[in-house]
Amino acid sequence: MSTTATATTPYNYAYLDEQTKRMIRRAILKAIAIPGYQVPFASREMPMPYGWGTGGVQVTASIIGPTDTLKVIDQGSDDTTNAVSIRKFFQKTAAVAVTTSTSAATIIQTRHRIPETPLTAGQVLVFQVPTPEPLRFLEPRETETRKMHALAEYGLMHVKLYEDIAKHGRIAKTYDYPTMVAGRYLMAPSPTPKFDNPKMHRSPALQLFGAGREKRIYAVPPHTDVVSLDFDDYPFEVNKFDRPCALCGAENVYLDEVILDDRGGRMFVCSDTDHCETRRAEGHRGEILGQEETRA
Amino acid sequence: MLVETLFAAAPRPGFTDPVMQSQAVFRAVMAALAEPGTVHALAEDITAAIDAPAPITPAAAAILLALADYETPIYLDEAARCGDVAAFLAFHCGSRITDIAADAAFALIADATALDRLDLFAQGSLEYPDRSTTLIVQVAELGDVPGEGAVRLTLAGPGIADTARIAFGPVHPGFVAALTDNRARFPQGADLILTDGTRLVGLPRTTRIEEEVF
């Protein structure tokens with residue numbers, strides 16, 4: 001039907017059929033209108049297994065157009081199997097430009113991280129979400145969690161955080177750390193490290209969340225409050241790292257541990273590969289690269 | 001029957017490239033609802049291609065063509081219940097046309113001066129607040145200096161950094177009160193897309209409004 005269908009693929013533009021796109025688009029619009037609320041949608045089978053980002057892929061397929069530039073990251077990295085596969089999928093089915101640069105992208109699909117480079121107005125961040133329901137591990141019944149959201153009854157989560165403090169002396173959750181969106185809905189930020197939670201708060205970018213297996217879509221519009229739950233005497237704190245990136249010397253970024261040999265050798269490097277490469281191109285050098293010719 | 005007679009009775013054209021134009025219209029609607037108060041123009045090739053029967057404007061028709069289908073009953077206000085409007089939407093969208101506002105997934109409001117209540121439309125439930133009507137409200141003026149019967153609003157809430165201002169009209173004198181009531185029902189409530197024929201502005205249920213006197 002479309003005059004712009006690509007010659008390289010026998011599929012409709014961006015793989016999904018038009019009725020599916022309309023259904024997902026309607027769910028996205030309602031998700032934006034009710035920030036943090038999980039809108040049920042008729043998730044489709046995708047040509048990849050659940051757990052590989054079928055929710056995020058369906059959201060991206062429904063919003064993407066030929067004028068977009070797509071970036072896909074997995075744990076902050078542009079070059080892992082999952083990220084490369086999804087990027088190629090959209091190059092093939094949507095004839096879209098791709099990039100690894102955070103600032104050049106209009107749509108960024110992500111698993112587990114928010115880029116270190118601050119996002120800007122007009123960008124869309126699409127999260128791949130495995131468990132959209134923040135209360136699921138506390139209350140397995142969907143009928144009950146739905147009622148809790150209806151009544152904004154989130155005492156159970158506060159009890160869980162309190163029990164953490166009683167047992168461990170601190171809130172032990174380090175990823176998928178629960179947040180309140182626009183003061184109304186409790187939201188799972190997908191398994192992003194809690195390091196990234198503050199980046200969601202009043203971000204100028206639109207944030208969309210897709211959970212394929214669980215069949216839910218939710219959203220955080222730009223400039224919307226996303227507050228991590230805490231207590232007055234146990235305030236929310238992000239993970240801290242006691243060293244800079246071994247490659248680019250960046251501080252206050254999220255680091256991955258990389259094992260270097262079988263004698264205990266290891267280094268800590270930026271999880272965000274684009275951020276790290278950009279900094280190294282600018283001349284920043286970390287410990288392992290000898291820290292020569294550092295310039296701002 | 002003559003072929004000419006058949007052509008004369010055929011529904012008027014919609015999108016020339018449904019896949020790409022639906023995507024472009026959706027992105028404009030998404031951006032409008034994500035950042036309430038910002039004005040989003042539809043591409044000229046889209047609004048020019050759609051020859052919707054009066055009183056539907058090209059932008060209002062484009063929104064329905066992009067988003068409505070057999071799953072979404074459309075409500076038409078009294079002004080829109082005329083001529084070929086129902087046949088046009090039935091042909092292009094495959095949607096059921098309903099007279100019951102509370103059943104509608106979309107509502108087309110051709111005459112905003114008659115719209116004084118939003119609580120008659122589907123509001124969703126506390127468990128499923130997403131099951132609510134999206135209203136497409138046609139106004140003569142949008143985003144410009146307010147004319148007679150128009151309102152100027154200051155907006156705040158999700159999607160708005162500080163505050164935003166928007167003027168549109170003419171609308172019913174009770175329209176602003178209806179919007180305020182709609183906000184008070186959050187998380188239930190209807191969502192609005194205002195359009196002047198080629199441009200659109202989103203007013204989702206989250207937006208807090210204050211009327212400016214001028």
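These numbers come from the heavy atoms of this one structure, side chains and all, not from hydrogens, waters or symmetry mates.
In terms of heavy-atom pairs under 4.5 Å with chain B, the best-connected choice from A:G122, A:A152, A:P35 is A:P35. Heavy-atom pairs under 4.5 Å with chain B were tallied for A:I64, A:I28, A:I34; the largest tally goes to A:I34. The residue among B:S132, B:G157, B:A105, B:S125 with the most heavy atom pairs within less than 4.5 Å of chain A is B:S132. Heavy-atom pairs under 4.5 Å with chain A were tallied for B:G159, B:P204, B:A31; the largest tally goes to B:G159.
Between B:P129 and A:Y37, the closest side-chain pair of non-hydrogen atoms falls below 4.5 Å. Here the side chains of A:R184 and B:P187 are in contact, with some heavy-atom distance below 4.5 Å. At least one side-chain heavy atom of A:D68 sits less than 4.5 Å from a side-chain heavy atom of B:Q23. Side-chain contact check for A:V124 versus B:M30: some heavy-atom pair is nearer than 4.5 Å.
In this structure, chain A has no heavy atom under 4.5 Å from any part of B:A24. At a 4.5 Å heavy-atom cutoff, A:V220 makes no contact with chain B through either its backbone or its side chain. Contacts between A:T67 and chain B at a heavy-atom distance below 4.5 Å are absent for every atom of the residue. Heavy-atom distances place both the backbone and the side chain of A:I63 under 4.5 Å from chain B. Contacts between B:Y70 and chain A at a heavy-atom distance below 4.5 Å involve the side chain alone, from C-beta outward. Heavy atoms of A:I24 lying under 4.5 Å from chain B are absent altogether.
Only one option out of B:L33, B:I193, B:T134 pairs with A:L29 in a side-chain contact (heavy atoms from CB on, under 4.5 Å); it is B:L33. Exactly one residue among B:D191, B:D69, B:D130 makes a salt bridge (charged side-chain N to carboxylate O under 4.0 Å, His left out) with A:R26. That residue is B:D69.
When all heavy atoms of A:E18 and B:P18 are compared, the closest pair comes out as OE1-O, 4.4 Å. Heavy-atom minimum distance, B:A34 versus A:L206: CB-CD1, 4.1 Å. B:R27 and A:G65 make their closest contact through NH1-N, 4.4 Å (heavy atoms, listed as atom of the first residue, atom of the second, distance). Closest approach of A:R146 and B:E127 over heavy atoms only: NH1-O, 2.7 Å.
Judged by the 6.0 Å and 45° rule, A:R22 forms no cation-pi pair with B:F26.
Heavy atoms of other residues, nucleotides or ligands lying less than 6.0 angstrom from CD of B:E71 number more than 12.
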